[in-house]
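Worksheet: one structure, shown below.
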Amino acid sequence: MACGFYGSRSARSVICPQGGVKHRCRRGPSSDNRLRMTEVRVRFAPSPTGYLHIGGARTALYNWLWARKLGGKLILRIEDTDRERSTEQSVRAIFDSLTWLGLDWDEGPVESSAGGCASRGKSGPYFQTERLPVYNDYVARLIGKGAAYRCYCTKEDLDRARAEHKQKTGNEQGFRYPGTCRERTDQPDLKHVIRLKVPRSGATSWVDRIKGRIEMQNESLQDAVLMRGDGIPLYNLGAAVDDITMGITLVARGDDHVINTPQQILIYQALGVPLPDFAHLPMILAPSGEKLSKRHAAVSVMDYKEQGYLPDGVLNYLARLGWSHGDQEIFTRAELIEKFNWEHVGETGARFDIKKFQYVQANQLRMLPPETLASEVAPFLLKRGLTVAGSDPQLIAAAPLVAPRATTFIDAADALDYFFREPPVFDEKAKAKLLTAEARVQLTDLATVIENVTPFAREALEAAVKAWLEAKGLELKTVAQPARVALTGRAASPGLFEVMEVLGRERSLRRLRA
RNA sequence: GGCCCCAUCGUCUAGCGGUUAGGACACCAGCCUCUCACGUUGGUAACGCGGGUUCAAUUCCCGCUGGGGUCACCA
């Protein structure tokens, strides 16, 4: 990818904000009717300042589900206006993560086959730093309407004012721009930022698709900086202008943006353009209740890929974390698309629970057809030094045996190991305990018993072995464990006869006689 | 601290005035069984507090408490 206007500095590990604010108003009337009239256009607008974390992935998922459910469009927009922190590597991480999850976008930047960066869709470009003329245009309009103004205050001026505020109130927080340049009439050609001219009275409100009606008094709002001194837009300007020019009909984003929404609405209103719907998703919390960070769990989407999770497992868990559909816990992708709605998105921050995640993931793993499980687990086998083709019939035969015993592909690969390693790795403890001289004699007999069983399949094997045991007055459990260790090297495995069947006659005999 | 948001088992949640407050994860016990899982049966476990409104509040309103978010020329 050569979307490279970031230089090659490496990504810092920055946690994308996905904070939370909640409310308890009744939901507004659904605007499904209106949405049905016009094309639904939603967007996922990450900033490329680190890996894509699961909170961001959940936001992307909900947007994607909504677009797919209603036949709308999902736009991917890269909010790279923080030049300090944005990296090309992070852009790639966003692409890779979304692609792995299978969350495809209809418009936005795409990696071209040549390895460069192309653009798909007609409302691009989709990198904010490539849209500077658009922001200049809108700033001029806002100033023309009296909704924004040039502010010549320097950083030092503001720092001084902040210090005074702190001295006076004893509080570092709560400083607000005093409005020094608000009514300034001379417009010298000096370095300046652009600020939003927030009305001094009145209130700004909207009916959030998740949180219901939210209202804020304008006097509690700041004259936020819209554009830096260097002409690069800040979040509120970039988001509002892009959502307008890209025709976004529903803005669904993290709950930490509730506070920015009034300012953005003010921009829409000043411009006289229709408002989109807003949906603010509660944040994902750590088990302790604080903001989830990498101290608590793997938070990068790609970490889960490496740990052998399934995209559908991740998506299923993320969907259920904060959204529900009655008592259903396990969903296919198609069901998610069919059943998702904003009405059943919860208003409370949800704690990340790895156990529940694993449960959901394990269920998704078990739903895979043997062929798919085989081809997906093959790379994880390779990581253990076992070169097995994903299409290997023996692998496909073994896959269903380990599926109910595994949560991730890593578990599955581990459980598959002895089918493909010759000789198997022995659990020394189990070997010492169970493969006694006495047991070995018995295993030799067992080998003889199964030697000519035809077909060499589980039912026939079980019948033959049981008949032999009965004749000798023995119970299966007396030979099962030694046999298991001889065949698999372990004290725990799938059923003995299934294992023998997959191993085949030759190898089963060899291992029993070893 | 200001502003904003939230509040049902430990966790994720169902509930949208009258329910034995349901499900799932986790946990405990039993069953199944060649081991380990899967599966299955049962169990422990919740409406934060105080006022209203109402014949009736988990549910509606207010306050309190608690938790969270946000107060940048970050997003």
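Note on naming: letters A, B, ... go to the chains in the order of the sequence lines (proteins, then strands), and numbering restarts at 1 for each one.
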Of the nucleotides [options], which one has an atom closest to the side chain of [X]?
{"X": "A:Ala492", "options": "B:A75, B:C36, B:U70", "result": "B:C36"}
{"X": "A:Asp327", "options": "B:A75, B:G23, B:U11", "result": "B:G23"}
{"X": "A:Gln173", "options": "B:C71, B:U70, B:C34", "result": "B:C71"}

May I ask you to verify whether the side chain of [X] and the base of [N] hold a donor-acceptor pair under 3.5 Å?
{"X": "A:Glu329", "N": "B:G23", "result": "yes"}
{"X": "A:Asn236", "N": "B:A75", "result": "no"}
{"X": "A:Asp256", "N": "B:G69", "result": "no"}
{"X": "A:Arg405", "N": "B:C38", "result": "no"}
{"X": "A:Arg351", "N": "B:C12", "result": "no"}

Taking the six-membered ring for Trp, is the centroid-to-centroid distance between A:Phe331 and A:Trp323 below 6.0 Å?
yes
Do A:His257 and A:Tyr235 have ring centres separated by under 6.0 Å?
yes
For A:Glu470, does the CD atom sit with more than 12 other heavy atoms under 6.0 Å from it, leaving out its own atoms?
no
Whole-Å distance separating the [atom1] atom of [X] from the [atom2] atom of [N]:
{"X": "A:Leu365", "N": "B:C38", "atom1": "CG", "atom2": "P", "value": "13 Å"}
{"X": "A:Leu226", "N": "B:A72", "atom1": "CG", "atom2": "C1'", "value": "14 Å"}
{"X": "A:Asp242", "N": "B:A75", "atom1": "CG", "atom2": "C1'", "value": "13 Å"}
{"X": "A:His344", "N": "B:G23", "atom1": "NE2", "atom2": "P", "value": "18 Å"}
{"X": "A:Leu476", "N": "B:U33", "atom1": "CG", "atom2": "C1'", "value": "10 Å"}
{"X": "A:His280", "N": "B:U70", "atom1": "NE2", "atom2": "P", "value": "13 Å"}
{"X": "A:Asp159", "N": "B:A72", "atom1": "CG", "atom2": "C1'", "value": "10 Å"}
{"X": "A:Tyr317", "N": "B:A24", "atom1": "OH", "atom2": "C1'", "value": "12 Å"}

Strictly by Watson-Crick or wobble contacts shorter than 3.5 Å, is anything paired with [N], and which nucleotide is it?
{"N": "B:C3", "value": "B:G69"}
{"N": "B:U54", "value": "none"}
{"N": "B:C74", "value": "none"}
{"N": "B:G48", "value": "B:C64"}
{"N": "B:A29", "value": "B:U41"}

Side chain proximity check, A:Leu266 to A:Pro199, heavy atoms < 4.5 angstrom
yes
[N] to [M] separation - [atom1] atoms, rounded to the nearest Å:
{"N": "B:G18", "M": "B:C47", "atom1": "C1'", "result": "16 Å"}
{"N": "B:C16", "M": "B:U58", "atom1": "C1'", "result": "11 Å"}
{"N": "B:A14", "M": "B:U59", "atom1": "C1'", "result": "13 Å"}
{"N": "B:G10", "M": "B:C55", "atom1": "P", "result": "35 Å"}
{"N": "B:G68", "M": "B:A29", "atom1": "C1'", "result": "39 Å"}
{"N": "B:U53", "M": "B:G1", "atom1": "C1'", "result": "34 Å"}
{"N": "B:G30", "M": "B:C49", "atom1": "C1'", "result": "40 Å"}
{"N": "B:G2", "M": "B:A45", "atom1": "C1'", "result": "39 Å"}

Please work out if A:Gly238 contacts a base, only the sugar-phosphate, or nothing of the nucleic acid, heavy-atom cut-off 4.0 Å.
nothing
Mind checking A:Tyr235 for me? I need base, sugar-phosphate or nothing, with any heavy atom below 4.0 Å counting as a touch.
base
Please tell me which of A:Gln481 and A:Pro287 maps to the more 5' nucleotide of RNA chain B, matching each residue to the nucleotide holding its nearest heavy atom.
A:Pro287
Please tell me which of A:Arg366 and A:Asp230 maps to the more 5' nucleotide of RNA chain B, matching each residue to the nucleotide holding its nearest heavy atom.
A:Arg366
Output the distance between atom CG (A:Leu76) and atom CZ (A:Phe95), rounded to the nearest 0.5 Å.
6.0 Å
Would you sort out whether A:Asp157 and A:Tyr152 count as a side-chain hydrogen bond (donor to acceptor under 3.5 Å, both in side chains), showing the intermediate values?
CA-CA 9 Å; A:Asp157 293 334; A:Tyr152 294 91; over 6 Å; no
I want to check a possible cation-pi pair here: A:Arg195 against A:Tyr177, using under 6.0 Å from ring centre and within 45° of the ring axis as the test.
yes
